[in-house]
*Asks:* 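Take this structure, written in structure tokens, and hold onto it; I'll ask about it next.
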Amino acid sequence: MAPRALAATLDTLPPPVLPLVEADAAGPAQLRDLYRMLSNVRQLDAAAVAWQRQGLIPGYAPMLGQEAAQVGAGAAVDTTRDFVFPTYREMGVAYTVGVNMVDYMSTHKAIWHGGLYDAVATHFAPFQAVVGGSVLHAVGWAHGQTLNAASAAETALGVGLAFLGDGASSQGDVHEAMNFAAILRAPVVFFVQNNGWAISVPTEQQVAGGSVAARAAGYGIPAVRVDGNDVLAVLSATQRAVAHARAGLGPVVVEAMTYRRGPHSTSDDPGRYRTLDDEKIDGGEDPLSRFRSMLLAGNVADAASFAEVDAQAQQQADEIRDGVVALSSRPGSEMFDFVFQESTPTLGAQARQWREESEHV
Amino acid sequence: MAPRALAATLDTLPPPVLPLVEADAAGPAQLRDLYRMLSNVRQLDAAAVAWQRQGLIPGYAPMLGQEAAQVGAGAAVDTTRDFVFPTYREMGVAYTVGVNMVDYMSTHKAIWHGGLYDAVATHFAPFQAVVGGSVLHAVGWAHGQTLNAASAAETALGVGLAFLGDGASSQGDVHEAMNFAAILRAPVVFFVQNNGWAISVPTEQQVAGGSVAARAAGYGIPAVRVDGNDVLAVLSATQRAVAHARAGLGPVVVEAMTYRRGPHSTSDDPGRYRTLDDEKIDGGEDPLSRFRSMLLAGNVADAASFAEVDAQAQQQADEIRDGVVALSSRPGSEMFDFVFQESTPTLGAQARQWREESEHV
Amino acid sequence: MSNALQNDTLESDRELASTPLVQLSMQQAINRALGEILEADDRALIFGEDVGLLGGVFRVTDGLQQRFGANRVFDTPLAESGILGTAIGLAMAGFHPIPEIQFDGFAYPAVNQIITQLARMNYRSRGTLPMPVTLRVPSFGGIRAPEHHGESLESLFAHVPGLKVVSPSNPQQAYHLLKHAASMPDPVIFMEPKARYWNKADVNLTDNRTGGAVDSASVEGSVIARPGKHATLIAWGAMVSRCLQVAELAAEDGIELEVLDLRWLKPIDEAGLAASVSRTRRAIVVHEGPHTAGLGAEVAALVSQSCFDSLRAPVERVTGFDVPYPSGDLEDEYIPNIDRILFGVQRVLEYRRG
Amino acid sequence: MSNALQNDTLESDRELASTPLVQLSMQQAINRALGEILEADDRALIFGEDVGLLGGVFRVTDGLQQRFGANRVFDTPLAESGILGTAIGLAMAGFHPIPEIQFDGFAYPAVNQIITQLARMNYRSRGTLPMPVTLRVPSFGGIRAPEHHGESLESLFAHVPGLKVVSPSNPQQAYHLLKHAASMPDPVIFMEPKARYWNKADVNLTDNRTGGAVDSASVEGSVIARPGKHATLIAWGAMVSRCLQVAELAAEDGIELEVLDLRWLKPIDEAGLAASVSRTRRAIVVHEGPHTAGLGAEVAALVSQSCFDSLRAPVERVTGFDVPYPSGDLEDEYIPNIDRILFGVQRVLEYRRG
Ligand SMILES: Cc1ncc(C[n+]2csc(CCOP(=O)(O)OP(=O)(O)O)c2C)c(N)n1
Ligand SMILES: Cc1ncc(C[n+]2csc(CCOP(=O)(O)OP(=O)(O)O)c2C)c(N)n1
Ligand SMILES: [Mg+2]
Ligand SMILES: [Mg+2]
């Protein structure tokens with residue numbers, strides 16, 4: 001079999017009405033910046049796996065192999081007006097859009113489920129553990145932008161980016177989301193990382209028909225299926241999708257064909273369901289080396305500059321580690337504080353009892 | 001606008017591997033039989049609406065205008081081995097496959113939710129009030145036929161026929177069902193009656209992309225979109241779909257384009273959301289008159305024979321009415337009897353208390 | 001949070017010259033409240049199945065799309081999880097969604113979004129993404145409807161941390177509780193007793209106790225719908241009026257039953273419950289939903305705890321049975337009827353320690 | 001249905017020469033039971049997310065696909081409603097589905113199929129379409145997992161007419177209760193306390209009390225996990241072993257606590273509960289799920305009713321709080337811990353009528 005990333009592409013997204021503001025052909029600075037992000041994300045991901053082995057965090061869901069998909073998608077987001085709805089594996093997107101990574105990692109340290117980062121300020125919704133759980137939120141949020149624009153007589157819309165996996169595409173909610181989005185003409189981009197696996201189940205046993213992008217046509221939604229290990233291809237496809245949605249033309253499905261090179265999570269054992277040979281063939285060339293080769297070929301960067309960036313990334317990962325080590329538990333009282341905006345007498349009494357019995361005050 | 005039934009057709013169902021046992025071109029006897037069923041169903045439907053007005057039954061969901069779709073589909077079912085999963089509007093299918101109509105009507109008399117008919121004997125599942133609720137059951141049942149056939153080394157499979165409406169297609173369960181069916185290669189026919197409305201919501205505001213059949217491609221499922229007011233077209237499409245599934249080639253979507261000529265139910269008031277003019281244009285020619293014209297043109301029947309059939313249908317409806325009038329309430333003890341196969345002490349105690357307090361025994 | 005005397009049915013109210021009383025059915029009262037909410041709050045949105053042109057299958061949203069436009073009041077595709085998920089996203093975008101689920105039994109497809117998302121977003125986001133969503137659910141049985149059109153989901157909802165749950169028993173309450181719920185920054189499940197939609201009663205559009213603004217006692221906690229001293233009947237939704245009938249009948253035999261309308265099913269007015277039952281020393285809780293793990297269990301547990309010393313008999317629970325809600329023909333066998341409630345009353349009154 | 005003495009941990013059992021005892025973790029015991037079920041009943045099917053080659057995320061179905069083939073044990077797409085709906089259809093076709101939901105919190109998307117279909121098909125079809133479906137749900141908290149991986153759904157399920165619900169507390173019970181559940185003609189929700197998956201204990205593969213066949217007392221109703229006389233701790237799932245620890249500690253102070261392992265959460269063993277508490281005259285119910293409308297309310301209501309005369313203190317409920325299940329770091333603050341249970345015990349022991 002060929003690497004997954006080379007799967008037949010599909011592109012039904014019409015050309016932009018207005019030329020894209022972001023140039024399709026990225027300049028050298030942007031290319032180097034993309035590499036910097038890829039490298040940082042790679043190092044941080046490897047670091048987080050190590051932290052788990054060291055007992056610093058109880059678990060982690062690695063995104064090894066999905067760096068190009070996540071950095072490419074994240075780089076197309078305008079965080080002043082768009083909003084990202086991640087799953088539990090979008091560390092690379094979080095990094096790229098500027099989420100504080102110590103606060104992000106707090107969820108993996110089991111400190112706070114949604115993460116300690118400020119979702120509103122960063123336009124990056126809380127960490128989501130329900131597969132497919134937040135896809136509809138993106139639709140609702142995006143429809144809100146349409147309503148806002150209507151009353152403000154604006155034309156450029158904020159875009160909701162719903163992240164989902166190949167496995168998530170099986171959930172009824174994802175279907176409802178695509179149908180609602182198309183009916184409401186909501187400015188949403190459904191960004192599917194088809195990484196070949198949902199834990200132990202390969203895409204072939206998951207996605208009947210073989211492609212989430214191919215389903216878009218059934219809703220009258222344009223779609224792009226793209227090599228998810230080519231950061232520039234992902235960036236450009238996402239930019240086009242965002243521009244389409246921003247212009248009020250409705251939702252778009254982007255399916256980035258990539259590969260989950262690591263285990264599903266730090267408690268998974270892929271050896272039970274796939275061989276190392278499979279991994280090698282299906283995974284194809286590492287997205288970072290591919291991008292490095294490209295930059296080298298284009299004389300945009302050289303080995304020394306890569307080494308420098310990689311070293312900086314390593315250092316940044318170390319700093320984040322320090323931050324994660326320093327993260328302390330949240331006080332138990334916060335269990336009660338954040339249930340409601342306006343607490344209730346019952347909850348107040350429970351909080352008091354908890355204080356007396358557990359804090360002995 | 002043109003009548004809905006004339007909507008562009010779609011046909012991705014490959015030609016049968018083996019020639020269909022049922023001849024595509026129906027002979028005169030079968031044509032007359034189809035007319036007899038159409039007429040009976042039409043009369044019974046009108047009668048049931050009248051019964052509601054007379055206070056004999058509290059409510060009813062008319063299928064006026066959907067006779068060709070339902071009789072055509074029902075006539076393709078082999079009740080010795082197939083199984084029908086209806087909604088709440090499949091009176092015509094029930095009639096066609098031979099369900100006892102007094103027992104069927106019992107649900108509309110509010111006597112028993114699922115109806116009093118024997119679902120197992122008739123291969124017609126209990127009346128289903130949850131929109132989209134039984135579509136997955138058809139998939140599971142059909143997969144069971146695959147498993148049975150595997151252990152018996154059979155090749156012709158029993159087929160599950162899942163009935164659903166255009167509105168139901170929005171439900172997540174329907175997506176999950178299509179995906180499961182395609183992955184399992186289950187012998188299911190998803191028979192969609194696209195009747196233009198889900199209560200007050202027109203298909204345009206319901207089915208993004210405009211066609212449920214068009215969604216099938218996204219799952220790799222073949223589909224046929226057919227004029228649902230042409231009983232022969234529906235019969236043939238359903239026969240082909242059933243044959244495909246029976247041969248172990250997996251699921252098929254059939255979308256019968258038809259029109260709900262009456263209210264959603266006897267408590268609905270369509271005047272609030274559509275005009276009589278709309279109804280006339282969208283509904284097109286009445287499926288019964290269309291078939292009558294065809295039979296007349298083919299010299300298969302004449303006015304006198306129609307009159308005779310119609311009179312018999314009227315008489316049958318009257319007989320069913322007598323049966324419905326005679327239907328008495330089920331004893332309250334049945335509330336407790338059918339909860340479980342094996343009752344529990346708690347439930348037994350509740351049944352005793354009910355008897356003491358309500359039956360005073 | 002302790003209970004106030006319910007005022008809408010008392011004769012004395014009518015005498016207050018300044019109070020603007022109108023006769024409304026509950027369906028009209030809710031419709032009116034919705035109109036005022038949309039009027040006052042331009043972030044409020046109404047959506048669901050058939051809520052637009054049709055005005056909802058119960059006509060509760062009648063005329064609102066015509067009045068406020070299809071951006072404010074709109075039909076969705078037929079998918080309850082989609083409705084709730086969209087509501088959550090709209091709330092994240094700063095709107096105040098007031099979605100409708102067409103019938104109680106069709107809230108089940110939305111349970112995942114309600115429990116794992118709606119109820120937790122404020123918590124998950126550490127208070128930065130509040131969920132001011134008022135979910136209207138025509139609820140409970142009594143209208144001889146098809147299957148799944150007569151469910152009681154209060155015990156399911158009340159168990160979910162992060163939700164508030166309320167059910168009005170008459171037009172006055174429906175009007176004020178809905179306006180109050182819609183003003184709250186937290187998700188509220190608003191359970192409308194559909195069997196009471198068409199019963200008319202006087203509604204005081206302002207609030208008669210304070211001669212103007214609505215005071216908290218009129219929208220918070222429970223209310224005593226009828227004072228009494230021999231036992232307390234505890235109910236909500238459509239069972240309140242049935243309990244009032246029972247109290248009327250019992251009064252003919254000299255038995256004075258207090259009827260406590262719980263109203264808020266989460267949080268439960270524990271102080272109000274305790275106050276009433278510690279006076280009457282006997283309690284019967286009445287609800288339509290199945291018995292086991294019904295909300296009556298919570299009420300009975302609370303009362304048994306707070307009134308342990310004063311209770312003279314075990315708390316009785318007169319409820320639906322542990323059977324699927326039956327077809328219309330057997331409905332009257334299932335929903336607590338006057339006889340069954342009276343048997344329950346008799347048991348608590350005649351109880352003697354063994 | 002009254003409670004039997006729990007036998008698996010008592011030393012005396014080991015002495016019965018003929019009993020085939022094996023040391024198994026609960027995960028192994030369930031795996032073994034599943035293998036035997038598939039062996040004995042060729043209509044039994046196992047399916048769900050990752051139950052095939054992977055053997056489930058908890059390895060509970062480990063090796064079964066290899067042993068029985070991919071027709072009997074198969075992975076489904078990632079959709080819980082789909083899993084349940086398919087199970088229902090398979091049951092209609094005469095199979096005995098034993099689906100798995102990967103984690104408690106992911107049962108919510110299947111709630112509609114569970115409540116409106118699985119629980120009602122037998123009723124709706126007047127007994128002609130039984131639903132012998134055993135739904136395995138790794139349940140409850142305690143493993144420091146991500147959000148929604150530690151939910152307690154027993155109160156939701158127990159409220160649903162047409163469902164039976166059971167939760168084993170140790171390997172012996174897991175083995176026998178699962179085999180029993182899978183032999184029942186009605187839908188059973190089998191809640192596996194995931195925090196106990198890896199704890200080993202002796203399992204008697206036949207049944208030691210009858211020297212061979214499993215008798216009904218070993219699979220029906222509740223069991224007394226530890227006899228005592230000063231108060232009864234009522235628990236299920238992982239809370240049973242915690243209550244046994246509490247009883248151990250209390251015994252050091254001369255307080256003899258009885259520990260009642262409820263096991264069946266629907267139907268509840270009312271007679272067994274009454275028998276224990278009427279002896280000890282004090283009761284504390286302990287569970288992980290949120291307090292309000294939790295199953296503890298039902299237990300407290302039942303006990304308050306049946307033991308009204310003998311109870312010397314209000315039934316205490318030591319439970320999770322009315323807050324979303326917190327992140328691992330706060331888990332120990334949320335799940336009833338030994339201290340909190342001891343406080344509850346103290347309250348019932350020190351209670352004096354006011
Ligand atoms: C509703 C739901 N069901 C099951 C799970 C357990 N689970 C977590 S991740 C996962 C696989 C998801 O696969 P995919 O959507 O392809 O995303 P990926 O993990 O590959 O990034 C499963 C089954 C869950 N979190 N939510
Ligand atoms: C899950 C669910 N949601 C809502 C309803 C209420 N309802 C009953 S029929 C209906 C419209 C269904 O439309 P469609 O599927 O097109 O079938 P049709 O009525 O046109 O035959 C609605 C909304 C329901 N029965 N089930
Ligand atoms: Mg994946
Ligand atoms: Mg329709």
Side-chain angles (χ1 to χ4, degrees), chain A residues 58-59 61 88 106-114 126-133 165-173 198-201 205-208 264-265 267-270 272-274 328-336 338-339 344 346-347 350-351 353-354 356-360, chain D residues 49-59 62 70 74-83 85 102-103 105-106 108-110 112 143-150 290-292 318-334 336-337 339-344 346-347:
Chain A
Y88 45 84
S106 63
T107 180
H108 294 299
K109 202 181 172 188
I111 284 186
W112 198 262
H113 279 319
F127 191 89
Q128 175 65 254
V130 179
V131 166
D166 45 309
S169 74
S170 296
Q171 287 286 351
D173 269 16
I199 308 188
S200 73
V201 180
Q205 279 173 245
Q206 182 76 249
V207 183
H264 169 72
S265 74
S267 54
D268 183 33
D269 171 12
R272 296 178 74 98
Y273 53 82
R274 68 187 195 192
S328 54
S329 300
R330 304 305 312 170
S333 56
E334 288 190 355
M335 284 197 300
F336 304 96
F338 291 123
V339 181
T344 69
T346 309
L347 201 53
Q350 291 184 12
Q353 188 173 357
W354 169 81
E356 284 165 25
E357 296 184 358
S358 301
E359 302 242 290
H360 308 288
Chain D
E49 295 157 11
D50 306 291
V51 299
L53 267 188
L54 184 66
V57 293
F58 292 107
R59 307 292 183 266
D62 190 25
F74 57 95
D75 290 332
T76 64
L78 206 176
E80 290 76 12
S81 193
I83 292 169
Q102 198 161 78
F103 285 90
F106 309 130
Y108 295 124
N112 180 47
I143 61 162
R144 239 175 131 73
E147 198 176 5
H148 313 295
H149 292 63
H291 186 84
T292 297
V318 181
T319 69
F321 299 108
D322 285 336
V323 308
Y325 191 92
S327 200
D329 223 34
L330 291 176
E331 202 168 65
D332 297 340
E333 303 295 323
Y334 172 85
N337 55 29
D339 274 6
R340 284 178 55 210
I341 300 172
L342 281 170
F343 275 115
Q346 193 181 351
R347 277 193 294 276

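Note on naming: letters A, B, ... go to the chains in the order of the sequence lines (proteins, then strands), and numbering restarts at 1 for each one. Not measured: the values here are computed from a predicted model.
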*Asks:* Given a strict heavy-atom distance threshold of 4.5 Å, which part of A:A168 is in contact with chain D: side chain, backbone, both, or neither?
*Replies:* backbone
*Asks:* Determine whether D:L54 and A:R272 satisfy the following criterion, side chain to side chain contact (heavy atoms under 4.5 Å, CB included), listing intermediate values before the conclusion.
*Replies:* CA-CA 6 Å; D:L54 184 66; A:R272 296 178 74 98; 3.9 Å; yes
*Asks:* Do D:D329 and A:R330 come within less than 4.5 Å of each other through their side chains, counting heavy atoms only?
*Replies:* no
*Asks:* Heavy-atom pairs under 4.5 Å with chain D - which of A:W354, A:Y273, A:Y88, A:W112 has more of them than the others?
*Replies:* A:W354
*Asks:* Pick one of side chain, backbone, both or neither for D:D339, based on which atoms fall under 4.5 Å of a heavy atom in chain A.
*Replies:* side chain
*Asks:* Counting N and O atoms only, with roles assigned by atom type, does the side chain of A:H113 sit under 3.5 Å from a partner on the main chain of D:P146, one being a donor and the other an acceptor?
*Replies:* no
*Asks:* Would you indicate whether the side-chain heavy atoms of A:S200 and D:D50 approach each other to under 4.5 Å?
*Replies:* yes
*Asks:* Please walk me through it: do D:L78 and A:V201 pass side chain to side chain contact (heavy atoms under 4.5 Å, CB included)?
*Replies:* CA-CA 9 Å; D:L78 206 176; A:V201 180; over 6 Å; no
*Asks:* Take D:D75 and A:Q205 through the side chain to side chain contact (heavy atoms under 4.5 Å, CB included) test and state the conclusion after the steps.
*Replies:* CA-CA 8 Å; D:D75 290 332; A:Q205 279 173 245; 4.2 Å; yes
*Asks:* Mind checking the CZ-CE spacing from D:F321 to A:M335? Nearest 0.5 Å is all I need.
*Replies:* 5.5 Å
*Asks:* Hey, does the side chain of D:E147 reach the backbone of A:Q128 with a donor-acceptor pair shorter than 3.5 angstrom?
*Replies:* no
*Asks:* Checking D:D322 side chain against A:L347 main chain: does a donor-acceptor pair fall under 3.5 Å?
*Replies:* no
*Asks:* With a 4.5 angstrom heavy-atom cut-off, could you sort out which part of A:P270 is near chain D: side chain, backbone, both or neither?
*Replies:* neither
*Asks:* Could you tell me which portion of D:F106 (side chain, backbone, both or neither) has an atom closer than 4.5 angstrom to a non-hydrogen atom of chain A?
*Replies:* side chain
*Asks:* Would you call A:D269 and D:R59 a side-chain contact if the rule is heavy atoms closer than 4.5 Å?
*Replies:* yes
*Asks:* What part of D:Q102 gets within 4.5 angstrom of chain A, counting heavy atoms only: side chain, backbone, both, or neither?
*Replies:* side chain
*Asks:* I need the residue from A:V339, A:T346, A:T344, A:V207 with the largest number of non-hydrogen atom pairs under 4.5 Å to chain D.
*Replies:* A:V339
*Asks:* Examine whether an atom of A:D173 lies under 4.5 Å from a heavy atom of chain D, and if so say whether it belongs to the side chain, the backbone or both; otherwise answer neither.
*Replies:* neither
*Asks:* Knowing that exactly one of A:S358, A:S333, A:S329, A:P331 qualifies, which makes a side-chain contact (heavy atoms from CB on, under 4.5 Å) with D:E333?
*Replies:* A:S358
*Asks:* Non-hydrogen atoms of chain D under 4.5 Å away: do they reach the side chain of A:Q353, the backbone, both or neither?
*Replies:* side chain
*Asks:* Between chain A and each of D:E331, D:H149, D:H148, count heavy-atom pairs under 4.5 Å; write down the option with the most.
*Replies:* D:H148
*Asks:* On a heavy-atom basis, which atom in A:Q171 and which in D:P109 lie closest, and how many Å separate them?
*Replies:* OE1-CB, 4.4 Å
